[in-house]
**Q** 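I have a structure I would like to understand better, so I am pasting it below and will then ask my questions one at a time.
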Amino acid sequence: MATKEQSQAAPTAAPGDPSPQEVRYNPAEIEARWAERWAAQPDLYAAEPPSSAKPKYYVLEMLPYPSGQLHMGHVRNYSIGDALARQMRMRGFNVLHPMGWDAFGLPAENAALKNNTPPREWTLSNIAAMKRQMNRIGFAYDWSNEITTCLPDYYRWNQWFFLRMFERGLAYRKKSKVNWCPQCATVLANEQVVDGCCWRHEDQLVDQRDLEQWFFRITNYAQELLDDLSKLDGWPDKVRTMQRNWIGRSEGAEIQFDLEDASTAHEDEDKARKPGTALLPASDQVKSTGQKIAVFTTRVDTIYGATSLQLAPEHPLVKEMAAADPALAQSVASLLDQQKKAREAGDVGAIEKHGVFTGHYAINPFNQERLPVWVGNYILTDYGTGAIMSVPAHDERDFEFAKKYDLEMKVVILPRNSNTVAENGDREPLLPFTTEDSLLMNSGDFSGHGCQEAQQKMAAFAQEHGFGKPTVTFRLKDWGVSRQRYWGTPIPMLYCPKDGIVPVPDSELPVLLPDKIEITQQGGSPLAHVPEFVNATCPKCGGKARRETDTMDTFVDSSWYFYRYCDARNDKAPFATETVAYWFPIDQYIGGVEHAILHLIYSRFWTKVMRDLGLIKFSEPVDHQFSQGMVIKNGAKMSKSKGNVVSPDDMIARYGADATRMYSLFAAPPDRDLDWQEDGVAGISRFLSRVYRLVMKYGERARSPRSAAPASPSATTQSLQRKLHQTIRKITEDFSGRWHFNTDIAAIMELVNLVTGAEPQIAAGEVPDAVLADILRTLTLLLAPFAPYLAAELWEYTGQTSNLLLTPWPKYDEALAAEDQIEIPVQINGKLRSLVHIDANATEDQVRDAALADEKIATILTGKEITRIILVPRKLVNIVVK
RNA sequence: GCCGGGAUGGCGGAACUGGCAGACGCAGCGGACUCAAAAUCCGCCGAGGGCAACCUCGUGGGGGUUCGACCCCCCCUCCCGGCACCA
C-alpha cells in the first residue's frame, strides 16, 4: 500500500540529507494524505470471519449518542480503545472493533421543535458529521458492522425481543406510579432519576403519575445479577460495588400483623388518639377484622420492642381507612403535601418525619400486644411491603419518630457484656447494638439468644405458626420501558376491544415509526396523534384495534447492540448464534463510569434473558470492563454550562489528530480524571516533531544500510539497544493489563531522548546502520497504537512497504534488555549515603565488599560498630550501625 | 450517614511486590543560533543551609510496625464520585 510517489509527494520527505531547518513536522499535511489513503480501503480494519486461524479479540467502546459533535470524553474513550485494538491486531489477533450510533432519544425531538428539522434527518446528518470526525482522528473501526439504532433494520429486533419477553411474562403491563419529567413530558426509569430530579434536566423535579406502563421483569434476575458480580474479576471494584448497592439485597422476614376490628377496639376515642398509652395486651374480646398488615424487617429479633406499625402514605390500607375517616383522609393528604413541598424546596434524601395515627390497632403476633397503626411520611411505598414495625429503641429513624410523637420505647437488645438496662442507659438514642455480640431480653422465649440466632429462630417460628416467613427483598425494581415520546422504538402491541392486549405477529415486524409527524409540545405520546399509525387490525379477530403509541426507553437499544455488531446485516434474526458464540464474551469494554449502573446492569440482564431464550450459552457479556476517568478543565467536568469545553476539532486543527489523541493518553492514567491543558498538547506535538525529524535525518541510512554490524558493538550501540528492548518490554507488558499508557509514552520519549543524545556517536559511525534502522523502525511500531498517522508516514519513509497495521508487534530480547552494570544504593541506617556501580551478576559478597569499600561509606563508618548489613539482591545495601 | 477513589515540586503526573522520592511532559530561569523574533538545540529547575565537598528537612496531619514506609496498620482532615429515611 505504500507507494513511492506518495511519500515523495511530501515536501519534507525527500530522501537525501535535508538540513534541520527544512524538515518540519506538518501533521495537517501528513494526516490528510493518510486519511485519504485509508478512506480508499473501506475494509482496512475489517475483522476476519470466525473461520480465521487467529485468536479472536473483541474490543468495544460505548457507542455515542449522535449529538453532532464529538467531545473530549469521546476522544479519550476511543483513543484508549483504538490503541488497544491496534496493538492487539499487530500482536496477531483477529480483532473486532466496531462502532455505531445510539440514535434514538429526546434531543432529536427537541431539535425538531427548535429548528423544524425532522428527527430522522437531524440524527442522520449528525451521524455523518461525527463519523467524519472519527475518521479524521484515525480510529480504526470496522465500519462494515456499523449500526444505527433508529433504523428499522436495528429496532425491529428490539420489537422482536419485546415479543419474546412478552411471551415469557418478562414484559408486562401494569398501572403504576411512575416518575414523570414535565420537561421531557415522559416517564423516566428509576435509574434516570437523580436526587429526585430528571437526569437530563438537573433542576426539574420529577412528578409521580399513575400510568399504564410496560415493564421488564428484571427483578426475576436480581439474585443472579448479584451473584454473578463475584465472577466478574475483570471489572473494576467500583462498578461492581455500585451495582451491588443498586440491586440492594436485604435478608429479613415478612411478618403479618392482624388488624384489629375498629368497632370493638376502643371505647374511648380520646385514649385512642393518644396511642402512646395504648400498649395493652389484646383482650379476648378483641376481634380481628381478618385484614392483615404485612411488614418487612431485617431485624425480626427486635419485634418484642415494636411499639407501633408505620404505613406508607400510599399504602392501600391507608386509602381504605381514609375512605371511612374524613379526618384521617385530610391528615394523610396534608402529609403528602408537606412532603411534596419539602422536595420542591430542594430537600433530597431524609426530610423531617411526620406521621398520623389512624385510630386503628394491630396485634403483634409474637406477644399479642396491641400496636397503634400510624401513617409515616418516612415509609417508602415501593420498598418491602410499604409498611414497617417501628422499634424506637433499636432503630434510629423509629427513635426520631417516636420521640417526636412521644411513643413508647422498649429495650429488647443488650450487649453481651452488660446486665442491666440502666447500664446501657435509658439514654438516648438506644441504637442498635451490633448484632454479633448482643443478646435478646424481654422477648419471651427468645430472651437470652444472640441476635443472629434469634433472627433465624423467630422467622422460622413465624413460618411455623403461619404469620410470616424468612424473606429477601431487593431495592432493584422492574424496569419501566414505556416512554411517551416519538423518537424511539414503537412497542409492538395492539389493544383490541374484543381480545384485549394482543402482540403484533412476528410477520408484521417491524412496526415502522412513521416518518411524517408533527412534533408539538403537547403532553402524551406524539404517535397517538397519527391515525395511520394508531389504527390497526387485530390479528386475532380481524376487527379494529389500537396500536400502542408509547415507544421504548432508549436503554433497550443499547442493552444488546454489541451482539448485533457481530452480524449487523442479518435480516433473519438479531444475529447468528454461531457468530456471536465466536466473538463473545467481549474481551474488553471501555466506557465512562456514568454507565456503571444503568447500561451495564440492563445489558447484563438482557444477556441472561437471551440465554434463557436459547440464543446464547453464556450468562455475562463482558469479560473485562474498563471505566475511564472524566476529562476535566479548570477543576470541573467539561460542559457547555461551565464554558470550559475544548473542541476536538480545534485541537486537531492546531496540533493534529496524533498529538490530540496521544495527549489524551499521556496526561493521566486512563482510569483517572484528566485535566486538559493545551500546553500539554503542544508538548506532545513537539515530541512528535522530534521523532519526525530524527527519522527524516536517518531514514536514508535505514533504507539502504551501508555499514554492517561489527563483531563487538560499541558502548553506545549497546546502550541504545538495551533501552530499545527495555522499552518494547515495558509497553508490551503494560498493554496486557496495567494500561498506564502515560508511562508507556514517557518510555518512548526516554528512548527518543537517548537516541537524540547519542547523535554525536551516531555521526562518528559508532552505531551501525542496521542497528540504527532497527531502532527507528521499532520506534515507529511502538508509536503506532498512539500516533497512527505519524507511524504510517515514518514506516514508509524507512523503506517499509508492509501494512503497518498488520506488521507484527516487535519482540524484545531479554539478553539485550539486561543491564550489565547496575547502580546499587548504599544506605547507612536507612539513609542514602552513596551509590556503587557493580557488575549486574556480582555475588552478594562482592556487593557487600564494594559497599564497604566505597570511600564515602568507609569515612562515615570509621569508628562505628556495624551491627547488621541488609542486602537486597540487585536493589540495595543497608548498613546498620550503632 | 453509608460505600468507593484520591491528596506527591509552580502544574499534569512517575516510583509495578516495603528498597535511590519527583521518571516523562508542561511552566519557569540561564545560555547557543539569529540583525531580531519564531522554531530548534544545550544547561538548571522540591525546600532550607553551605564557597564547596556536602548536610538537614520533605509524599495532606498525628501516631505505629520495620534495618528501611508515598507504599503496611491505627486515628484524623480535606477533595472527588456513587447511594441515600431501603426498615
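Heavy-atom basis, side chains included; hydrogens, waters and symmetry copies ignored. So you know, we letter chains A, B, ... as the sequences are listed, proteins then strands, and number each from 1.
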**Q** Check every strand shown and say whether A:Gly683 touches a base, only sugar-phosphate, or nothing at a heavy-atom separation below 4.0 Å.
**A**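 Counting heavy atoms under 4.0 Å across all strands, the contact made by A:Gly683 is with sugar-phosphate only.
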**Q** Taking only the C1' atom of each, what is the distance from B:rC26 to B:rC79 in whole angstrom?
**A**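 Pairwise C1' distance, B:rC26 against B:rC79, rounds to 24 Å.
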**Q** To the nearest Å, give me how far apart CD1 (A:Ile731) and P (B:rC16) are.
**A**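 These atoms are roughly 18 Å apart.
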**Q** For atom C1', what is the distance between B:rG28 and B:rA36, given to the nearest Å?
**A**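 These two C1' atoms come out 23 Å apart once rounded.
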**Q** Please check the phosphate of B:rA84 (OP1 and OP2 only) for any side-chain N or O of A:Arg475 closer than 4.0 Å.
**A**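 So the side-chain polar atoms of A:Arg475 do come within 4.0 Å of the phosphate oxygens OP1 or OP2 of B:rA84, strictly under.
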**Q** Taking side chain to side chain donor-acceptor pair (under 3.5 Å) as the test, write out the residues that go with A:Arg848, two or more places apart.
**A**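 By the side chain to side chain donor-acceptor pair (under 3.5 Å) rule, A:Arg848 matches A:Asp845.
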**Q** Mind calculating the distance between CG (A:Asp744) and C1' (B:rG13) to the nearest angstrom?
**A**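 Computing the A:Asp744:CG to B:rG13:C1' distance gives 14 Å.
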**Q** Spell out protein contact along nucleotides 17-23 of chain B as letters: B when the base is contacted, S when just the sugar-phosphate is, - when no protein heavy atom is under 4.0 Å; keep the 5' to 3' order.
**A** --BB--B
**Q** Using the C1' atom as the reference point in each nucleotide, state the distance between B:rC71 and B:rC20 in Å, no decimals.
**A**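 Rounded to whole Å, the distance is 15 Å.
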**Q** Establish, with yes or no, whether the OP1 or OP2 oxygen of B:rC24 is under 4.0 angstrom from a side-chain nitrogen or oxygen of A:Arg690.
**A**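 False: A:Arg690 side-chain N/O out of range (4.0 Å or more) of B:rC24 OP1/OP2.
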**Q** Between atom CD1 in A:Ile632 and atom P in B:rC79, what is the gap in whole Å?
**A**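 About 15 Å, once rounded to whole Å.
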**Q** Identify, between A:Asn753 and A:Gly384, the residue whose nearest nucleotide on RNA chain B lies closer to the 5' end.
**A**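 Its nearest nucleotide being more 5', the pick is A:Asn753.
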**Q** Could you give the distance separating B:rC70 and B:rU8 at their C1' atoms, to the nearest angstrom?
**A**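 It comes out at 7 Å once rounded to the nearest Å.
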**Q** Should A:Glu819 and A:Arg722 count as an ion pair when the cut-off is N to O under 4.0 Å?
**A**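 Salt bridge: yes.
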**Q** Just compare B:rG82, B:rC16, B:rA87 and give me whichever is closest to any side-chain atom of A:Lys730.
**A**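 That would be B:rC16.
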**Q** For A:Arg240, check side chain to side chain donor-acceptor pair (under 3.5 Å) against everything at least two apart and list the hits.
**A**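 Partners of A:Arg240 by the side chain to side chain donor-acceptor pair (under 3.5 Å) criterion, ordered by chain and then number, come out as A:Asp237.
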**Q** Syn or anti for B:rG9, taking syn as within 90° of 0?
**A**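 Syn, angle within 90° of zero.
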**Q** Does B:rC67 have OP1 or OP2 under 4.0 Å away from a side-chain N or O of A:Arg868?
**A**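 For B:rC67, OP1/OP2 do have a side-chain N/O of A:Arg868 under 4.0 Å.
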**Q** Run the ring-centre check on A:Trp374 versus A:Tyr405 and record whether the distance is less than 6.0 Å.
**A**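 Ring-ring flag for A:Trp374/A:Tyr405: true, centres closer than 6.0 Å.
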**Q** Name all residues meeting the side-chain contact (heavy atoms from CB on, under 4.5 Å) criterion together with A:Val646; count only those two or more places apart in sequence or in a different chain, and write none if there are none.
**A**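 Per chain and number, A:Val646 pairs via side-chain contact (heavy atoms from CB on, under 4.5 Å) with A:Met72, A:Lys633, A:Met638, A:Met651, A:Trp676.
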**Q** Taking the P atom in each of B:rA47 and B:rU40, what is the distance between them to the nearest angstrom?
**A**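 Straight-line distance between the two P atoms is 27 Å.
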**Q** Return the set of residues passing salt bridge (charged side-chain N to carboxylate O under 4.0 Å, His left out) with A:Lys238 (not counting sequence neighbours), or none when no residue passes.
**A**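 Result, salt bridge (charged side-chain N to carboxylate O under 4.0 Å, His left out) vs A:Lys238: none returned.
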**Q** Quick one: are the ring centres of A:Phe741 and A:Phe735 less than 6.0 Å apart?
**A**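 Between A:Phe741 and A:Phe735, the centre distance is under 6.0 Å.
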**Q** Using the C1' atom on both, measure B:rG62 against B:rC55 and round to a whole Å.
**A**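 Result for the C1' pair: 27 Å, nearest Å.
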**Q** Only Watson-Crick and G-U wobble pairs, only distances under 3.5 Å, only runs of 3 or more: what stems does that leave for RNA chain B?
**A**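 Stems found: B:1-7 with B:77-83, B:10-12 with B:24-26, B:28-32 with B:40-44, B:46-49 with B:54-57, B:60-64 with B:72-76.
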**Q** Could you give the CG-to-C1' distance, from A:Asp679 to B:rG25, as a whole number of Å?
**A**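 Result: 11 Å.
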**Q** Should A:Tyr663 be listed as having a side-chain N or O under 4.0 Å from OP1 or OP2 of B:rG25?
**A**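 For B:rG25, OP1/OP2 do not have a side-chain N/O of A:Tyr663 under 4.0 Å.
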**Q** Taking the six-membered ring for Trp, are A:Tyr692 and A:Tyr25 parallel (under 30°), tilted (30 to 60°) or perpendicular (over 60°)?
**A**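 If you compare the ring of A:Tyr692 with that of A:Tyr25, the planes turn out tilted.
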**Q** Nearest to the side chain of A:Ile379, heavy atoms from C-beta on, is which of B:rC57, B:rC80, B:rA87?
**A**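 Within the option list, the nearest is B:rA87.
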**Q** With rounding to whole Å, what would you report as the distance between B:rA53 and B:rG64 at their P atoms?
**A**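 Each nucleotide's P atom is 35 Å from the other's.
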**Q** Indicate, with a heavy-atom threshold strictly under 4.0 Å, whether A:Arg240 touches base, sugar-phosphate, or nothing.
**A**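 No contact.
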**Q** Hey, which of these two, A:Arg672 or A:Thr297, hits RNA chain B nearer its 5' end, going by closest nucleotide?
**A**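 Its nucleotide being nearer the 5' end, the pick is A:Arg672.
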**Q** Just to verify, what does A:Thr732 make a side-chain contact (heavy atoms from CB on, under 4.5 Å) with, not counting sequence neighbours?
**A**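 Partners of A:Thr732 under the side-chain contact (heavy atoms from CB on, under 4.5 Å) test: A:Arg91, A:Ile728, A:Trp809, A:Tyr812.
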**Q** If you only use heavy atoms from C-beta on, which nucleotide in B:rC24, B:rC85, B:rA39 is closest to the side chain of A:Arg24?
**A**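 That would be B:rA39.
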**Q** Tell me: CH2 of A:Trp246 to C1' of B:rG4, nearest whole Å?
**A**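 Distance, rounded to whole Å: 16 Å.
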**Q** Examine B:rC41: is either OP1 or OP2 under 4.0 Å from a nitrogen or oxygen in the side chain of A:Arg693? Give yes or no.
**A**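 True: A:Arg693 side-chain N/O within range (under 4.0 Å) of B:rC41 OP1/OP2.
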**Q** Would you state whether a donor and an acceptor, one from the side chain of A:Lys353 and one from the base of B:rC85, lie under 3.5 Å apart?
**A**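 Counting by modelled atom types and ignoring angles, a donor-acceptor contact under 3.5 Å is found here.
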**Q** Please determine, for the side chain of A:Ile597, which listed nucleotide (B:rC83, B:rC80, B:rG25) has the closest atom?
**A**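 When the side chain of A:Ile597 is considered, B:rC83 is the closest of B:rC83, B:rC80, B:rG25.
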**Q** Can you tell me how far C1' of B:rG25 sits from CD1 of A:Ile745, to the nearest Å?
**A**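 From A:Ile745 CD1 to B:rG25 C1': 11 Å.
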**Q** Distance check needed: B:rC26 C1' versus A:Tyr655 OH, whole Å only.
**A**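 A:Tyr655 atom OH is separated from B:rC26 atom C1' by 12 Å.
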**Q** Name the nucleic acid region contacted by A:Arg244, choosing base, sugar-phosphate or nothing; use a 4.0 angstrom heavy-atom cut-off, strictly under.
**A**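 The residue A:Arg244 makes no contact with any strand.
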**Q** Can you list everything that forms a side-chain contact (heavy atoms from CB on, under 4.5 Å) with A:Leu876? Sequence neighbours excluded, please.
**A**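 Per chain and number, A:Leu876 pairs via side-chain contact (heavy atoms from CB on, under 4.5 Å) with A:Pro825, A:Gln827, A:Val872.
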**Q** So that I can tick it off, tell me whether A:Asp854 and A:Lys856 are bridged by a salt bridge, with the cut-off set at under 4.0 angstrom between side-chain N and carboxylate O.
**A**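 No, this pair does not count.
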**Q** From the options B:rA27, B:rA87, B:rA15, select the nucleotide whose nearest atom is closest to the side chain of A:Arg686.
**A**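 Shortest atom-to-atom distance from the side chain points to B:rA27.
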**Q** With sequence neighbours excluded, what pairs up with A:His315 under the side chain to side chain donor-acceptor pair (under 3.5 Å) test?
**A**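 Scan of A:His315 (side chain to side chain donor-acceptor pair (under 3.5 Å), adjacent residues dropped) gives none.
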**Q** How many whole angstroms separate atom CD of A:Glu855 from atom P of B:rC54?
**A**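 From A:Glu855 CD to B:rC54 P: 11 Å.
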**Q** For A:Tyr378, which residues count as a ring pair (Phe, Tyr, Trp, His ring centres under 6.0 Å) partner, sequence neighbours excluded?
**A**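 With sequence neighbours excluded, A:Tyr378 shows a ring pair (Phe, Tyr, Trp, His ring centres under 6.0 Å) to A:Phe401, given in chain and number order.
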**Q** Taking salt bridge (charged side-chain N to carboxylate O under 4.0 Å, His left out) as the definition, give me every residue that meets it alongside A:Lys404, ordered by chain and number, with sequence neighbours left out.
**A**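 By the salt bridge (charged side-chain N to carboxylate O under 4.0 Å, His left out) rule, A:Lys404 matches A:Glu352.
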**Q** Nearest to the side chain of A:Met242, heavy atoms from C-beta on, is which of B:rG25, B:rG82, B:rA87?
**A**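 For the A:Met242 side chain, the nearest candidate turns out to be B:rG82.
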**Q** Mind checking if A:Asp237 touches a base, just sugar-phosphate, or nothing, with heavy atoms under 4.0 Å?
**A**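 Nothing: the residue A:Asp237, judged by heavy atoms under 4.0 Å, touches no strand.
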**Q** Across the strands shown, which category fits A:Asp734 at heavy-atom distances under 4.0 angstrom: base, sugar-phosphate, nothing?
**A**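 Since no nucleic acid heavy atom lies under 4.0 Å of A:Asp734, the category is nothing.
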**Q** So, A:Gln628 versus A:Arg672: side-chain donor-acceptor pair below 3.5 Å or not?
**A**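 Looking only at side-chain atoms, A:Arg672 and A:Gln628 do not form any donor-acceptor pair under 3.5 Å.
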**Q** Mind checking A:Ile824 for me? I need base, sugar-phosphate or nothing, with any heavy atom below 4.0 Å counting as a touch.
**A**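 Since no nucleic acid heavy atom lies under 4.0 Å of A:Ile824, the category is nothing.
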**Q** If I pick the P atom on B:rU59 and the same atom on B:rA21, what distance separates them, to the nearest angstrom?
**A**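 Going atom to atom, P in each nucleotide, I get 12 Å.
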**Q** If you restrict it to nitrogen or oxygen atoms, what contacts under 3.5 Å exist between nucleotides 48-53 of chain B and the protein, and what is each distance?
**A**
none

**Q** Output the single nucleotide from B:rC55, B:rG81, B:rC67 whose closest atom is nearest the side chain of A:Lys238.
**A**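 Looking only at side-chain atoms, A:Lys238 lies closest to B:rG81.
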